[in-house]
Amino acid sequence: MILYDTLSGKKKDFKPIKEGEVGIYYCGMTLQEAPHVGHMRAALTADILNRYFEFKGYKVKLLVNFTDIDDKVLESAKLEGKDFRELASFYEEEYTRASERLNIQKPALYPRATQHIKEIIELVERLVEKGFGYEVEGNVFFRVRKFKPYGRLSGKKLDELHIGARVSVDEMKQDPLDFALWKAVKPGEPYWFSPWGKGRPGWHIECSAMSTHYLGETFDIHGGGDDLIFPHHENEIAQAEAATEKPLANYWVHNAMLTIKDEKMSKSLQNFIPINSLLEEYDPNAIRLYLLQAHYRRQLNYNREMLKQASSGWEHIKIFLERTRGYEGKPIASYLEEFEKNMDDDLGTPGAIAFVFDLISKANEVSKNDTGDYRETIYLILGTLGFQIEHEESIALGEVLDKILTLRSDLRKEGNYKMADKIRVVLLEAGIAIEDTRDGTTWRVK
RNA sequence: GGCGGCAUAGCCAAGUGGUAAGGCGUCGGUCUGCAAAACCGUUAUACCCCGGUUCGAAUCCGGGUGCCGCCUCCA
């Protein structure tokens, strides 16, 4: 399996640290705003890593973190007149609700910054001891220029950074590039006790502390949105590697941004689509299809038309599965290999999905006896890609519909189309679409 | 200004040296009381432009043009 690694700028063959196991840390979100489609693209990328490694037989340990304390959270809480904990919990709940609906497999853990203050303080202490951190009036800063590899991940040069910089001027910093590991408490703010007095963690430190705490000083994959490459992940590397003198992660995976009208979807631009409102309008599987039909490293534009297209595409798949309901068989090995060939190349979900459509066409050509094998193959692939296929229709509903449809069939034989059509309309109103085909009448839940 | 990425049909999107996947839409056909769906077929002499390398390039090299991301909080 090959993965593109941001640090080396190349596709690299994946080799786990421990045979058969993979540890992944994927940056979730800062709990300051409603989760939007862009956040879900990241969550989905992590989900595909999670599911696909599992499919390949790995034991996966995936962590998706929440930053529930920092400047932005406090600011947002103040604005909404809420306690920051209340605010964070609220958005976290929104996030997990959307994740569930999108059938995103639960990570091993959703670690939160406020639950790891102890680990954070320990890491900051270590950095201070080694001379990478320095304390000024209860604040602790990271000495960026002392960490030589700084800028390697993002390909930035310190002096160039300086030029275009809008680096915050802070009298207390020895160098404008330095960033906060620990912030002294300000009036009215929440705080924790530390060797430097009352205060709270800086923005980047929690990820370094939590990832190494759960996954070890060096782990397999670290991921996140590509807007986090700088400064967030750059700083994470600096903090962790200055302390441990070991690489933080072997592979850096970054998903590209979602844009809307050719602009990045983000809070500051006020152009984001909350995922939960989108979920009210579209089938979660259609949203998943929309996102997975583009490669995760390619910027993707959002608009209604594309969601509509994805909805039609999903209908197509769904109808095939419903039409072949009850067909039995076993997955076809050569086709699964084809699927893997796509996925092994840096998570080629677009190719994998195109292949599913191909398989559906093929399934239509083969004899009824073989259809089951195709169905099972398609089913397995879709499941690995995280599509949710409800396969247990209510028996009672099925029985009732069978009776009604038999009755309607009699009416049609008698030429009573008026009544037959009326039944169709009424059922549609109840959410059941029926279709008359050569082999009889079929039904499906709309 | 620095760094990175992208440019493929009406829309979306794969493909990174061997002659253009797939989806949506369109059009035609089969089926059908009608409807819907399904199925079959159709839809890029061609991959932003100009040069070059090669038997051969969307794919490699050079030069343009346009768009986006990061350099500040952001998935």
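The figures here come from the full heavy-atom set of this structure, side chains too, leaving out hydrogens, waters and symmetry mates. Proteins come first, then strands; the chains are lettered A, B, ... in the order of their sequence lines, and each starts at number 1.
- Within the shown strands, nothing qualifies as a pairing partner of B/rA21 under the Watson-Crick or G-U definition with both distances less than 3.5 Å.
- Applying the 4.0 Å criterion to OP1 and OP2 of B/rG33, one finds that A/Lys413 has every side-chain N and O outside that range.
- A cation-pi geometry, defined here as NZ or CZ lying under 6.0 Å from the six-membered ring centre and within 45° of its normal, holds between A/Lys156 and A/Phe230.
- For A/Asn255 and B/rA75, the shortest distance from a side-chain N or O to OP1 or OP2 is not below 4.0 Å.
- Counting only N and O atoms by type, the side chains of A/Thr384 and A/Arg51 include no donor and acceptor under 3.5 Å apart.
- The gap from the C1' atom of B/rC11 to that of B/rG69 amounts to 23 Å, rounded to the nearest Å.
- Comparing the P positions of B/rG29 and B/rU42 gives a spacing of 15 Å, expressed to the nearest Å.
- Rounded to whole Å, the P atom of B/rG5 lies 12 Å from the corresponding atom of B/rC61.
- If you check distances only, the side chain of A/Asp70 never reaches the base of B/rC73 with a donor-acceptor pair under 3.5 Å.
- Across all strands, A/Ala354 comes closer than 4.0 Å to base atoms (heavy-atom distances).
- Base engagement by A/Ser268 is indicated by at least one non-hydrogen atom pair under 4.0 Å involving a base atom.
- Contact of A/Asp226 with B/rG4 (side chain to base): no donor-acceptor pair of N or O atoms is detected under 3.5 Å.
- Figure legend: A/Lys82 and A/Phe90 shown as a cation-pi pair, the cationic atom lying under 6.0 angstrom from the six-membered ring centre and within 45 degrees of its axis.
- Side-chain atoms of A/Tyr302 and A/His36 form no donor-acceptor pair, as typed in the model, at a separation below 3.5 Å.
- Looking at heavy-atom distances under 4.0 Å, A/Ser361 makes contact with sugar-phosphate atoms alone, never a base.
- Defined by atom type and a distance below 3.5 Å, a donor-acceptor pair is present between the side-chain atoms of A/Asn235 and A/His204.
- Judged by atom type and distance alone, A/Arg323 does not reach the base of B/rA37 through any side-chain donor-acceptor pair under 3.5 Å.
- For the pair A/Arg297 and A/Tyr4, the distance from NZ or CZ to the six-membered ring centre is under 6.0 Å and the angle to the ring normal is within 45 degrees.
- Residue contacts shown for A/Met40 are absent, as no nucleic acid heavy atom lies under 4.0 Å away.
- Nucleotides B/rA44 and B/rA9, compared at atom C1', are 5 Å apart to the nearest Å.
- Between A/Thr30 and B/rA75, a side-chain N or O to OP1/OP2 separation shorter than 4.0 Å is present.
- Within 4.0 Å (heavy atoms only), A/Ile229 reaches no atom of the nucleic acid at all.
- Put simply, A/Arg298 has no side-chain N or O that comes within less than 4.0 Å of OP1 or OP2 on B/rC12.
- Within 4.0 Å of A/Asp227, counting heavy atoms only, lies at least one base atom of the nucleic acid.
- Look at A/His316 and you'll find a side-chain N or O under 4.0 angstrom from OP1 or OP2 of B/rA38.
- With centroids closer than 5.5 Å and planes inclined by less than 30 degrees as the test, A/Tyr417 and the base of B/rG33 pass as a stacked pair.
- A donor-acceptor contact under 3.5 Å is formed by the side chain of A/Lys156 with the base of B/rC70.
- The gap from the P atom of B/rC24 to that of B/rA58 amounts to 28 Å, rounded to the nearest Å.
- Base pairing analysis places B/rU30 opposite B/rA38; the two distances defining the Watson-Crick or G-U wobble pair are each below 3.5 Å.
- For B/rG4, the paired nucleotide is B/rC68, the pair qualifying as Watson-Crick or G-U wobble because both relevant distances are below 3.5 Å.
- Aromatic pair A/Phe14/A/Tyr251: centroids less than 6.0 angstrom apart.
- Relative to the side chain of A/His36, the nucleotides B/rG69, B/rC34, B/rA75 differ in distance, and B/rA75 lies closest.
- Residue A/Gln309 places a side-chain atom within donor-acceptor reach of the base of B/rG23, judged by atom type and a 3.5 Å distance cut-off alone.
- In this structure, A/Gly28 reaches the sugar-phosphate backbone alone: every heavy-atom distance under 4.0 Å involves primed, P, OP1 or OP2 atoms, never a base.
- A/Met306 comes within 4.0 angstrom of sugar-phosphate atoms only, judged by non-hydrogen atoms across all strands, and of no base.
- The partner of B/rA46 is absent, by the rule that a Watson-Crick or G-U pair needs both atom distances under 3.5 Å.
- Note on A/Glu75: nothing from the nucleic acid sits closer than 4.0 angstrom, heavy atoms only.
- Considering only side-chain N and O atoms, A/Arg297 lies nowhere under 4.0 angstrom from the phosphate OP1 or OP2 of B/rC6.
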